[in-house]
Amino acid sequence: MIYDKILTICTLRPGKSPAVRKLGKIGQHYYAERTVYASRYYAGRQAGAKLVRMVSVPRSVYDPPIEADQYCILDDGHAYRIDQAQRELDDDGLPVTTLSLAEPEGKYELYQD
């Protein structure tokens with residue numbers, strides 16, 4: 001698998017109201033696009049999430065774990081909610097985390113210091 005694009009992992013920072021909450025950057029990773037097959041898409045729909053993208057990220061013991069309900073911003077600039085983070089091995093036997101991405105409930109800004 002070729003990891004040739006960069007994504008940014010974010011968490012939703014607390015705010016006075018849901019409308020003013022912003023995304024805070026946790027880290028960046030290289031990623032490879034995956035295909036959302038029909039079975040995963042419909043399983044997400046039954047759970048109430050619209051899975052639109054799926055990506056794989058190489059996993060390292062030095063990186064903090066990527067968890068569900070965090071957010072990621074892909075190289076196209078769109079923010080997605082991480083619906084599921086599966087830790088597995090890729091076709092080459094290397095550890096990866098596969099992220100199922102859904103459309104977020106609202107629009108959020110990337111927190112800038």
Side-chain angles (χ1 to χ4, degrees):
M1 199 170 288
I2 299 174
Y3 303 98
D4 59 346
K5 299 174 184 174
I6 297 177
L7 63 78
T8 303
I9 301 294
C10 302
T11 185
L12 195 57
R13 294 188 184 257
K16 294 180 181 177
S17 73
V20 297
R21 296 175 74 182
K22 294 185 179 185
L23 295 176
K25 179 179 170 182
I26 294 176
Q28 290 185 318
H29 302 276
Y30 283 96
Y31 75 94
E33 289 278 343
R34 302 281 304 267
T35 303
V36 179
Y37 292 105
S39 60
R40 185 176 294 255
Y41 175 79
Y42 288 114
R45 292 294 282 190
Q46 288 177 345
K50 182 180 178 185
L51 301 179
V52 292
R53 307 275 297 264
M54 194 162 87
V55 298
S56 287
V57 176
R59 190 165 23 113
S60 169
V61 295
Y62 303 109
D63 294 329
I66 300 171
E67 303 292 336
D69 295 330
Q70 288 179 326
Y71 291 80
C72 77
I73 300 173
L74 298 183
D75 65 340
D76 62 2
H78 289 93
Y80 298 94
R81 184 176 50 82
I82 300 173
D83 189 64
Q84 186 178 36
Q86 293 178 294
R87 290 156 185 84
E88 56 190 8
L89 299 176
D90 68 0
D91 297 337
D92 299 323
L94 301 173
V96 297
T97 302
T98 301
L99 307 175
S100 298
L101 306 176
E103 290 288 337
E105 294 84 26
K107 296 288 183 185
Y108 300 102
E109 296 178 29
L110 183 61
Y111 181 90
Q112 304 277 335
D113 285 332

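The distance from atom CD of Q70 to atom CG of L12, rounded to the nearest 0.5 Å, is 11.0 Å. Atom-to-atom distance recorded for S56:OG and I2:CD1 is 13.5 Å, nearest 0.5 angstrom. Note: Q84 CD to L101 CG = 11.0 Å, rounded to the nearest 0.5 Å. From H29, atom NE2 reaches atom CD1 of I66 across 4.0 Å, with rounding to the nearest 0.5 Å. Taking CG of L7 as the reference point, atom OH of Y30 lies at 11.5 Å (rounded to 0.5 Å). The CD1 atom of I9 sits 10.5 Å away from atom CD of E67, with the distance rounded to the nearest 0.5 Å.
Crowding of D91 atom CG: a count of heavy atoms from other residues, nucleotides or ligands under 6.0 Å not exceeding 12.
Using a 4.5 Å heavy-atom threshold, the side chains of P58 and L94 count as separate. In this structure the side chain of V55 never reaches within 4.5 angstrom of the side chain of K5, judged on heavy atoms. In this structure, the side chains of R87 and T97 come closer than 4.5 Å at one or more pairs of heavy atoms. At least one side-chain heavy atom of R53 sits less than 4.5 Å from a side-chain heavy atom of E33. Contact annotation: the side chain of T98 approaches that of M54 to within less than 4.5 Å [non-hydrogen atoms, C-beta and beyond].
For the salt bridge (charged side-chain N to carboxylate O under 4.0 Å, His left out) test, no residue two or more places apart in sequence or in another chain qualifies with D92. By the side-chain contact (heavy atoms from CB on, under 4.5 Å) test, P64 is found to be paired with I26, residues two or more places apart in sequence or in another chain being considered. The side-chain contact (heavy atoms from CB on, under 4.5 Å) search around A32 returns M1, Y3, not counting sequence neighbours.
Side-chain atoms of R34 never come within 3.5 Å of backbone atoms of S100 as a donor-acceptor pair (strictly under, hydrogens ignored).
Annotation for A85 and A68: closest pair CB-N, 4.3 Å, computed over non-hydrogen atoms. In terms of heavy-atom proximity, D76 sits nearest to Y80 at OD2-OH, 3.8 Å.
Side-chain atoms of Q28 and T8 include a donor-acceptor pair closer than 3.5 Å.
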Kindly indicate, with the supporting measurements, whether the criterion side-chain contact (heavy atoms from CB on, under 4.5 Å) is fulfilled by R13 and L23. CA-CA 6 Å; R13 294 188 184 257; L23 295 176; over 6 Å; no
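For the pairing with Y31, the side-chain contact (heavy atoms from CB on, under 4.5 Å) check across L99, I6, D4, V57 returns one residue only, V57.
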